[in-house]
Amino acid sequence: MAAPSGNEKEWHLNDQEVAAESTEHSQPVATSPLEEVVSDKDFEKDLDSGVKRPLNNRRQLSRLDSSTSGTTDYTDDVLEAKSQASAKQKKWYKRLNVLKWGKKPAVPETRQVSREYYAGFLSLMTFQWMAPLMTIGYQRPLEVNDIWLVNPNRSADVLGKKLDAAFKKRVASGDPKPLTKALYDTFKWEFIFGGCCQLTSSMLQSLAPFVLRYLINFSVEAYIAKAYDRPPPSLGKGIGLVIGITLMQMLQSMATNHFMYRGMMVGGQARAVLIAVIFDKAMRLSGRAKAGGKPLDAPEAPPADIKPGSPEEKKWYQRMLKKKEKEAKTAPGENGILGDGHGWGNGRIINLMSTDTYRVDQASGMFHMVWTSPICILLTLALLCINLTYSALAGFGLLMITMPLLGIAVKTLFRRRVGINKMTDQRVSLTQEILQAVRFVKYFGWETSFLARVDAIRNNEIHAVQILLSIRNGILAVGMSMPVFASMLSFITYSLSNHVLNPAPIFSSLALFNSLRLPLNFLPVVIGQVTDAYSSINRIQEFLMAEEAHDDAEWDYNHKEAVVVKHADFTWERTPTQDAEDEQSHSPQAHKKAKEAAKAKKARKSQEVEKAKDMGEARDSSSTAAVEEPFKLRDIDLAIQRNELIAVIGTVGSGKSSLLGALAGDMRRTSGEVILGASRAFCPQYAWIQNTTVKENILFGKEFKHGWYNQVIDACALRPDLEMLPAGDRTEIGERGITVSGGQKQRLNIARAIYFDADIILMDDPLSAVDAHVGRHIMDNAICGLLKDKCRILATHQLHVLNRCDRVILLNEGHIEAVDTFDNLMAHNETFMKLMATTAVEEEHKEEDEVNDDEVEEEKKISKKRRNKKPAAVLMQQEERAVKSVSWGVWAAYIRAAGGMWVAPYVVVLLIASQGANIVTSLWLSWWTSNKFGFTEGVYIGVYAALGFVQAFLMFVFSVAVSVFGTKAGKVMLHLAINRVLRAPMSFFDTTPLGRITNRFSKDIDVMDNNLTDSIRMYFMTMAMIISVFILIIVYFHYFAIALGPLMIMFLFSAAYYRSSAREVKRHEAVLRSTVFARFSEAVFGTSTIRAYGLQDQFQRTIRDAIDNMDSAYYLTFANQRWLSVRLDAIGNMLVFVVGILVVTSRFSVSPSIGGLVLSYILSIVQMIQFTVRQLAEVENNMNATERIYHYGTELEEEAPLHIGEVPKSWPDTGEIVFEDVQMRYREGLPLVLQGLNMHVQGGERIGVVGRTGAGKSSIMSTLFRLVELSGGSITIDGVDISTIGLHDLRSKLAIIPQDPTLFRGTIRSNLDPFDEHTDLELWSALRQADLVGAETTMDDKTGRIHLDSTVEEEGLNFSLGQRQLMALARALVRGSQIIVCDEATSSVDFETDQKIQRTIVDGFKGKTLLCIAHRLKTIIGYDRICVMDAGRIAELDTPLNLYDMGGIFRGMCDRSSIRREDFFVEY
């Protein structure tokens, strides 16, 4: 690696120059490419040109310079200039702020370890160690380098090892809840310390109101003494009591703060360590567990260290038996892959990592309240009994009866939450699938239909969430009002049992009942969170316990041969069953069939009858035929020498990829043995490319060796590509390789395998996506060049390479038909001879155009020029992050989405009414104790009770209103956002990592649905409460206003001080979290590649680095909350002190009942003050999610409208296409890719498009479908200019057979016709035409592997690439468009299938206009005309024969592919 490792992981962070400008609204920020940092050696000798780079240039080149903070002097100048400029513009009143005077602090060069690690006792106690960061954050926006690194003892690595060890230990001891206990073992001391703090705090919370009784008593004595002219009690006693109460409050505040901090830290660390272990497990997960098969159908073998026949073995089997019995008893569906057959697909794993770990984190914060609250409640009861004698029991009885009822209600919430989780999973999976295939969805014009599908799931989800939140609000309203009703009942009983209402016990008891509000309030919430988290922990535990893939191969480096396979059978896994609600087709028959298939599959899988009963599944013999068997390899016998080149050939679906998958460790071996004698590298058919630089993709974690690297680049023909890329091999590649062509992806794939320098190289058809001359170059220089002394196994359709192989393996339907040399097979094997007869062996090459040397030189010069002009723009856009607080615009949009601007005043009125009722209830009590109006007891009691009920009802209405409006806003905003994202131009997807978009649609929506309305409700309720109490106090004690002034200023100042840094830290955390998401999902999708290379450890390290990076900001959010709390509590305690002193000093003038009321309120207010600021920050943080969704819903660029005006139904009738001077560039600022293209295609004409990679072949298709709008010129179809009609009207009339065939999860039916527009008969005939089913197979025959209800897995991975390609063809046939575009549709199939496809294209698309980008010249020489593209222009265009006779580029291609003149007259 070129960069120093400490900084390496910071490449993805914000560009400080932009942050310095503190952008008002979020805007995407570009950074320069990753890995621009060069080591001295690279730097001395530039890879491409051997030119030395000037030193000052190096400044611009370093990615770290621009994307991490403080490395450039330039930035400091910018900051200074900015601060001076802003100082001039600042309003006079803003200049009064002393703390913002002086020079802004510089950004540190490197990141420091958190100061908490070295802080002293006092600093730790008061969180003073946070102060330096808060100060910097107040003076300027925080940069990444300001944020301290995680304490070394809290790094994901250290904790991961701890948890791993604890988990293994617990599992070994047969613990039923190993993960929960292992988490406890990992965080024991911090967890226990938090519990002790919370216990202390709970005790004090009950005792302070009790001491209040003595203070009120003191003022009663003084009041009476004044009235009867007796000597008053000494002032010292009163002041002493006030000081005592204040001290108790201070101690309680300290304890609470440390409890919260420890709880949150344990939560944050648990989340980090769980993400790490989930990732580790994902790297080891077996295919069976992933597919949702049952590991019970094969008996588990004891661990290797237990000797067969020993007593240990017997014990082991007994233990397993017990475990199985236990599992059989568990509730249905709880056992993941044993029960619901869901399997751990990638979407589910990502959801575990994003949502489930977050729930564990949330619950941990307040966990200790679950057991301390009951203790606190009992203590309060004891004190109440002292105050009110047995009358207290009446109120307490009420609490005791209602609380269990609330508990039961909370349980129903838990059940509902599980249901909602399923819906959310479904929505996120579907969204992810749509986004992954967005190019494809656009081609087919399916955006609206997919949106409708997402909306349907979303409507159900929101409906369920609204019901859930309403029930929860009901519970909360009852919970909040319970203390009021309880105190009411107690006071009424006290009064009726002939006691005089004395202010001292009454208001002390009111304060005690109020102190119950916090535990009672939080208890249901915390229990809800804990149950959520518990189900999440169970899900994670189930995942961690899932079957692991054991690399079945035996490694023996001293073995004579490189690979030996003896009588081995291998199998892929069963496909996961699909729930009816998962079913992607909405047709009733599809529903029914899917259910039947699922039933049958379960019935057949469950070999243990009790289990079948348990699952409530009956054996359904009628539909067993509907279950397809996974593909198997049977009886494989092979021995491959250490330097042999072996080809694997066979027809589509014969098992070529499977054989390589078996050797790469992807397939499960069911019998036989495999011995590997050396390290292996794997080139899968689908190249898995990382979102990092070209260089990093090739190095793949190996150290950089300059000479070897250059050899590999040349052997794989990557040199010309590197020279054309803006930053050479330091150019960043888009996510999933989105920005490089198929051929480049494949060559990177090969380069990675070669550079890895393993001794066994498995290559799955690596030459399919590259042009013929490139293919030959790779064959000569790489496969038979650099790799000549290695063991190479090459699956291929390119039969012309076979005569260069040492031996050939011929596969047929999953078994080896023959293994022999090429000559022997030619002589003796009939199948082989037939295969070979379809191709001219000596030179069946793909086309390539004649590129003269001087042209290449020219190209180099152009790219040099371009490169020298400016440093390259990085591809992936930096995640935008607003720097100011959430704007009013976002709030306004949120309120409008909730139903209109009237919602805000409506909610505020409800709030004022419910708060007013609350205060009046207590005032009435005070008037009753002093008998202010002289009413009878009955009147006082009646009014008191009525007020209580009104207050509870209003609170409920307010809460429900907030929830319903909030979730409605979430629904509307998600709809807008997802709509806008799907309508965004392709350039948006090319420059935005998928992880980031998924993050918005999973995490941010989760926050909007579940957290935002809660935090808004809590904030407004506590705020209203505080304001009403202050008004009450000032009405009776006017001097309080004087104390309140400075205290409020201090309060607002600390809040602003806190928010300026809290906001920035939170935003950094959000950006860093996206990185974790992006890296995690990317690696999960590349599991098979990572495994084949054996690089799990390296990827685990990068994930852990990313987690630590995220946590460095995440942990600081907890600390700065506590920093604030400690300081606000101090202000609150001063308020208590002031009120206490005022009550003591005005003891003669103000009635003790009012004094008592005020004191009881101020005690409950103290905690609320800091709670309010925290809630405000919480609301703001949660609004951040809304802001991001809003940004996607309003700010993204949009494509042209879907519909403009009317388009005749029959258009296009003939399919005539006219390209007139067409110019096109992919994005602003990039060079033209098509430069003045002119072509007239007659209706029904078939045109083949050829040209070398990058000549602009696929760009023609992009312009035809308007994926990219033209920069000049026009395209008309049947006389209609396509830029004048809606995109949907255009795309729905065209059909495409794309280069990489995309399939969605569901069935074959739902893939061919996702929106039920065709009959089954039409679909079946399309399958037959595409040669996916035999001519004699009937539609009802479900025995074959392919029928309309066959399950299609994620990305269609349960079918071979060739089969997927044929399905894409069938899809185009079903569409029945007049114009068909074929984009290298036959690049991944063998010659025979290719001929089938060509025949289908000729017959199925007769009389239709066909544009075909071809890889194999033979497939298109029978077309009407051939268009030869070169550098964005048409070089030649005429009939194939004329072009051949003209002797231009096309003739050269034909010669190289050994196509003779007479071939043009052969019928293909």
Side-chain angles (χ1 to χ4, degrees), residues 206-234 237-238 241-242 244-245 380-396 483-516 921-945 947-948 1032 1036-1037 1139-1140 1142-1144 1146-1164:
S206 308
L207 290 169
F210 185 68
V211 179
L212 193 62
R213 171 186 181 160
Y214 298 102
L215 186 56
I216 299 172
N217 238 344
F218 166 81
S219 76
V220 169
E221 283 171 29
Y223 197 71
I224 292 171
K226 173 86 179 349
Y228 296 105
D229 280 341
R230 293 184 195 151
S234 81
K237 180 184 174 188
L241 282 167
V242 172
I245 289 176
T380 310
L381 170 66
L383 299 173
L384 278 169
C385 285
I386 298 171
N387 271 347
L388 301 176
T389 67
Y390 57 83
S391 308
L393 294 173
F396 200 77
V484 179
F485 289 135
S487 55
M488 201 177 277
L489 196 57
S490 293
F491 297 153
I492 292 170
T493 314
Y494 192 64
S495 155
L496 293 176
S497 56
N498 298 326
H499 288 92
V500 177
L501 290 189
N502 181 352
I506 289 292
F507 287 105
S508 164
S509 301
L510 186 65
L512 279 168
F513 275 120
N514 272 341
S515 78
L516 278 179
T921 311
S922 305
L923 266 177
W924 189 261
L925 180 65
S926 124
W927 293 331
W928 177 13
T929 53
S930 56
N931 194 7
K932 185 171 179 178
F933 304 115
F935 294 143
T936 62
E937 285 291 271
V939 173
Y940 277 123
I941 288 174
V943 173
Y944 188 45
L947 281 169
L1032 179 76
Y1036 288 102
F1037 298 96
V1139 172
L1142 282 174
V1143 170
V1144 170
S1146 51
R1147 59 194 184 282
F1148 302 129
S1149 52
V1150 177
S1151 147
S1153 56
I1154 291 291
L1157 173 69
V1158 163
L1159 278 169
S1160 70
Y1161 261 131
I1162 197 73
L1163 274 185
S1164 61

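The chain is numbered in sequence order, starting from 1. Only this structure's heavy atoms are used, side chains among them; waters, hydrogens and symmetry mates stay out.
Atom CG in L1032 sits 9.0 Å away from atom CZ in F1037 (nearest 0.5 Å).
Side-chain atoms of Y494 do not come within 3.5 Å of backbone N or O of T389 as any donor-acceptor pair. Without hydrogens or angle criteria, S926 side chain to S922 main chain gives no donor-acceptor distance under 3.5 Å. When atom types are taken as modelled, the side chain of S508 and the backbone of P209 share a donor-acceptor pair closer than 3.5 angstrom. Using modelled atom types, no side-chain atom of S495 and backbone atom of F491 make a donor-acceptor pair closer than 3.5 Å.
Here the side chains of L496 and I941 are in contact, with some heavy-atom distance below 4.5 Å. Side-chain contact between L207 and L383 is present, with heavy atoms from C-beta onward closer than 4.5 Å. Using a 4.5 Å heavy-atom threshold, the side chains of L212 and F507 count as separate. For the pair L381 and C385, the minimum side-chain heavy-atom distance is below 4.5 Å. Inter-residue side-chain proximity for S487 and Y944 is flagged as met; some heavy-atom pair is nearer than 4.5 Å. Annotation: side chain of S497 is in contact with side chain of S391 (closest heavy-atom distance under 4.5 Å). When side chains are defined from C-beta on, T929 does not count as touching L1157, because their heavy atoms never get closer than 4.5 Å.
Between S1160 and L510 the shortest heavy-atom distance is OG-CD2, 3.9 Å. Nearest heavy-atom pair across A394 and L489 is O-CD2, 3.5 Å. Here the shortest heavy-atom pairing between W924 and L947 reads CB-CD1, 4.1 Å.
Enclosure of atom CZ in F933 by more than 12 non-hydrogen atoms of other residues, nucleotides or ligands within 6.0 angstrom is indicated.
Of the residues listed (N217, V211, V1144), the one engaging L241 in a side-chain contact (heavy atoms from CB on, under 4.5 Å) is V211, and it is the only one.
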